[in-house]
Amino acid sequence: MNVPTKAERRAANQLAHFQQRQEARAARGPRGLAESWMERARAVAVAREAAAQATGEDPATVWNDLARTVSTWVSRYEE
């Protein structure tokens, strides 16, 4: 019998929590979904930052990528 590791259980719990929050926010329409995805993007960036630090990579890379993505969106819609 394969017993999930602590990391696997944590990842599964995080995914389940995200899905529950996304469903609740989806009921509020597109704004709720956008809030859900922004929250998820931040959580992924935090996790990738930690992984980068553990492997000796530059942790700023993930935040810079997220900042560029958001900046592009803002410049598209900002008046």
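Nothing here was measured: the structure is a model prediction, and the numbers come from that model. Computation of the quantities below employed the complete heavy-atom set of this structure, encompassing side-chain atoms and omitting hydrogens, waters and symmetry-equivalent molecules.
With sequence neighbours excluded, the residues satisfying side chain to side chain contact (heavy atoms under 4.5 Å, CB included) with T5 are A7, E8. For W37, the ring-ring contact (aromatic ring centres under 6.0 Å, His included) partners two or more places apart in sequence, or in a different chain, are F18. Under the rule for a side chain to side chain contact (heavy atoms under 4.5 Å, CB included), the partners of L33 that lie at least two apart in sequence or sit in another chain are Q22, A26.
Note that the CD atom of E57 and the CZ atom of R48 stand 7.0 Å from one another [nearest 0.5 Å]. Once rounded to the nearest 0.5 Å, the distance linking OG of S71 with CG of N64 reads 11.5 Å. Atom-to-atom distance recorded for N13:CG and K6:NZ is 11.5 Å, nearest 0.5 angstrom. Distance check, rounded to the nearest 0.5 Å: CZ of R31 to OG of S36 gives 14.0 Å.
Heavy-atom neighbours of R28 CZ from other residues, nucleotides or ligands within 6.0 Å: above the threshold of 12.
When atom types are taken as modelled, the side chain of R9 and the backbone of P4 share a donor-acceptor pair closer than 3.5 angstrom. A distance-only check finds a donor-acceptor pair linking the side chain of T55 to the backbone of A51 [under 3.5 Å].
Using a 4.5 Å cut-off between side-chain heavy atoms of Ile, Leu, Val, Met, Phe, Trp and Tyr, with links allowed through other members, W73 and V62 fall into the same hydrophobic cluster. By the rule that hydrophobic residues join a cluster once side-chain heavy atoms approach within less than 4.5 Å of another member, M38 and V46 end up as members of separate clusters.
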- Item | Intermediate values then yes/no, side-chain contact (heavy atoms from CB on, under 4.5 Å), D58 and W63 | CA-CA 10 Å; D58 182 6; W63 289 108; over 6 Å; no
- Message: Using the rule given for side-chain contact (heavy atoms from CB on, under 4.5 Å), can you reason through R21 versus R40, listing the C-alpha separation, both sets of side-chain angles and the distance that settles it, and then say yes or no?
- Response: CA-CA 10 Å; R21 289 178 59 88; R40 183 68 179 155; over 6 Å; no
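Between R25 and E39 there is a side-chain heavy-atom pair separated by less than 4.5 Å.
Here the shortest heavy-atom pairing between P59 and A52 reads CA-CB, 3.9 Å.
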